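Below is one structure, written out as structure tokens; the observations come after it.
By convention in this document, chain letters (A, B, ...) are assigned in the order of the sequence lines, proteins followed by strands, and residues within each chain are numbered from 1. Just so we're clear, the structure is a prediction, and the values are computed from it rather than from any experiment.
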Amino acid sequence: MAEDGFEAFEAALDEVVNPGKPEPGEPEGTDASDPLLADLTDPQREAVTHTEGPLLVLAAAGSGKTRVITRRIAYLVRNGIPPWSILALTFTNKAAGEMRERVLGMLGDDPSPTRGLTVTTFHSLCARLLRRYAEQAELPGLKPNFTIYPAADQLALMKRVVRDAQLSTSNWSPRSVLAAISNAKNELIDAERFAADASDFYSKTIAKLYTGYTRALRSAGAVDFDDLLLLAAAMLRDRPAIRAECLGRWQYLLIDEYQDTNHVQFVIASLLASGGQSRESNLLAGLPGVEPDDEPPASGEDAPNICVVGDPDQAIYGWRGADITNILEFEERFPSTRVIALGQNFRSTTPILANADTLIRHNKRRKHKPLFTEREGGEDVEVLRCGTEHDEARAVVEWFESLGEDGSPADREGGLKGLAWRDMAVFYRTNALSRVMEDELRSAGIPYVIARGTAFYEREEVRHALAYLRLVANSADDVSLLRVINTPARGIGKTTVAHLQAFASANSITLFEAMRRVSDVDGLSARAVNAVTRFVEMVDRWTGAGKFMGGEVAGSLGELGERVVRESGLEAMYKKQAETSGSEADEERLENLDEVVSSVAQFESEYAPDADPAQFDAQAPITDTPPLLSMLRAYLESVALVSDADAIDPTQGAVTLMTLHAAKGLEFPAVAMIGLEEGLLPHARSNQSDEMLEEERRLCFVGITRAMRRLTITSARYRTHRGMPERTIASRFLEELDADHTRVRDRDDEQMIDDFDATPTAAIGGSPMDRQTNDLAAQFPEGATVRHPQFGVGTVVTVSRGRYARARVRFRDVGEKTLILEYARLTRVN
DNA sequence: GTTGCCAAGTTTTTT
DNA sequence: ACTTGGCAAC
């Protein structure tokens, strides 16, 4: 069925193949001397100037997509469209920030042209809309001060829900239950509908847990990531007045990375897409008493100005519910859609592009579109087989050094200057692969940054500090309260908490409310009562007993953050730990606490209430929320919605390390892709179906097409997995590259020769890993106990040396076998 | 109520 | 390898 989605490309492809055919709808007087349009190709220019009506831009990798989007916004603004009526949705906050910057740069230094321009992510937009309209929309249990639960808190909550339902967490792993619920939410299925659809035992149980989880979230005044989209979509659908207000504001809608939007996002986009005449009818529909209108009219006559940009070959979020059918649905939804394909690549050299193209042709569920460049020359892509992951990391480091500040001999000959560290990046399939790379870069003294924006916020000490802040922002947030109730230890132990929880649920009040009424709770020691009272008093001091007013309350967000970290005892707790242990890790924790405080202060200094997309009228405040509280909420929200990619700062002179997913949308002069092995890329978990395999291939394609000038792809013969060294198989994708534009090398062979020349006794000296690399047989000496994946545990009887070393192994269960070490996945057992 | 040790499972990707 | 959770000792 997705096959049909490619019809659109067919039409668009004709445009690419036979360019120059003037479009009937093309605006007259498109001035080639216009600085906004001058340096664009024909299809790019059309995408920029086709401002009215639905537009689908199929932008191949490196085809100047970002440029088209930013020009388009600038073009709109310059042609008199008020910036506040433009809404651009991106995938990450960083992409949003960059887009805003670039538009601003094009329009001059005066910030006024972009005033009110909304460039943000789906999630941020939805969070803001929900806060803005929570009360008016009367969504069940949703208050404007809701907390956004990150993954860890979702998990903690689900664990509780599963246990409360008298189910075992091993049969109903909170993780997989959450995944099932997430999938449902992405399809816009709420707990009620899920329950109605459930027929078998499994889905009935999930339905029960879904309901319980939702109830628990709401009573904690919390939502999860998926709720942001689900609830916003439901709100826009069921509350015509609210929708009308949004439609009235945003006349021009733009969505980047459209191939990675899922169904809810599509629905939100549809609901927000306004057209000339439809606004009137939608305003009428907003009158009280009108039934929720599920399907807004969107005929050709009534076509909204919605522009989506994407590339099906770069769809890498299928596991998150993103679907190619969104592109199909787009044209169904908006029949007058104009489709434009951008095929010319401006980023990469011919060899890089040739490899990307040859690889992606192996995807069957795909309509081929030509990727072409006018660039000549360029170095072949290097494919490097290494010994171990350490060897691999070292190879990458050496390569970077050769490209480095001094420039490689080859580059100098070719008239190219050496690359700066910031021009280089390492991509990998899973985060776990970063570690070895980091070690190697560190010992080589090469500066690097890891795109793990979320990692900081996942650290224990940071989560504690944030939990205190969330409790301050929302006293109903039980998960946060439970996290900090006895951290640092203050004498409120398990039994006390259990009593409080029982009291809370018996009286249908929040846990914090129960603590406030601690004197009414039975069975507590005087000690416990005292400890609880002091905790409540402490929180009340911060919040001014919930009013955020009075002399006791902090005058600024920074001050609040500082006080919370200090007065909670967190700082003292970690200080004491650092002093007694003297370990570096504990020192780091203290520094991280400081960093939280400064990030709070930083946020405060940059906070601009009128930049809020949900702020429809800059004059009137959204609500009567105390400014300190709304700032705190905004801070917590920004922290909850950071992405890994957000951490990348191109101004830093450092090599960038990131997952292939995080690399989407970026480009680097030199790229190393590591871990091209079966089980890693394609990932073992993605091997179950052709669809999944093709997504892995697209992931590989995305990695390749990030490279501008140089690309090295590596794999390791042995990789340590969960502590066990394992024999690997080279990725099938390596076979799918373009042999005419690749140079394959085996580092293992070379190194063995090198080492032999240098030191005949290579087996001595060097790290254990070197020896393993150089001489596999040395790893399995006679008498060694080994494990084979099929044959089990055995003892090495004899072993031969050399490249295809064989070992005779006496297995405990299956007798003696002769194995070629190169291919047997033997591991050493102690 | 608190601390420390051992066993077990674990992650693929992310807003 | 590394974290997390359960349990026993203090």
All pairs passing salt bridge (charged side-chain N to carboxylate O under 4.0 Å, His left out) where [range] contributes a residue, at least two apart:
| range | value |
| --- | --- |
| residues 170-189 of chain A | A:K185-A:D224, A:K185-A:D227 |
| residues 431-443 of chain A | A:R394-A:E440, A:E438-A:R442, A:D439-A:R442 |
| residues 481-499 of chain A | none |
| residues 153-173 of chain A | A:D153-A:R470 |

- For A:H661 and for A:A489, locate the closest nucleotide of DNA chain B by heavy-atom distance; then report the residue assigned to the nucleotide nearer the 5' terminus. A:A489
- Task: Using heavy atoms to find the nearest nucleotide of DNA chain B for A:R490 and A:F91 separately, return the residue whose nucleotide is more 5′.
- Result: A:R490
- Give me the residues of residues 170-178 of chain A where at least one heavy atom lies under 4.0 Å from an atom of DNA chain C, by number, or none. none
- Excluding sequence neighbours, so at least two apart, what forms side-chain hydrogen bond (donor to acceptor under 3.5 Å, both in side chains) with A:T121? A:S124
- Query: Can you name the side-chain hydrogen bond (donor to acceptor under 3.5 Å, both in side chains) partners of A:N592, sequence neighbours left out?
  - Reply: A:E461
- Query: Between C:dT4 and B:dT13, how far is it from one P atom to the other, in whole Å?
  - Reply: 15 Å
For nucleotides 2-9 of chain C, give me every protein contact, N/O to N/O, under 3.5 Å, one pair per line with atom names.
from  : atom 1 : to     : atom 2 : distance (Å)
C:dG5 : OP1    : A:K159 : NZ     : 2.9

- Message: Students should find this one: the first and last nucleotides of DNA chain B, 5' to 3', lying under 4.0 Å from a heavy atom of chain A. What are they?
- Response: B:dG1 to B:dT15
- Note on the structure: Smallest heavy-atom separation, A:V532 atom then A:M515 atom, equals CG1-O, 3.5 Å
- Message: For A:Y213, give me all partners under ring-ring contact (aromatic ring centres under 6.0 Å, His included), at least two apart in sequence or on another chain.
- Response: none
- Query: Can you name the ring-ring contact (aromatic ring centres under 6.0 Å, His included) partners of A:H661, sequence neighbours left out?
  - Reply: A:Y317, A:W319
- Contacts of A:E667 meeting side-chain contact (heavy atoms from CB on, under 4.5 Å) (sequence neighbours excluded), chain-then-number -> A:R347, A:M708
Remember a base hit wins even if backbone is also touched, and classify [X] as base, sugar-phosphate or nothing at under 4.0 Å, heavy atoms.
| X | result |
| --- | --- |
| A:N93 | nothing |
| A:Y317 | sugar-phosphate |
| A:N486 | sugar-phosphate |

- Task: Take A:T147 and A:N474, measure what side-chain hydrogen bond (donor to acceptor under 3.5 Å, both in side chains) needs, and give me the verdict at the end.
- Result: CA-CA 7 Å; A:T147 305; A:N474 168 19; 2.8 Å; yes
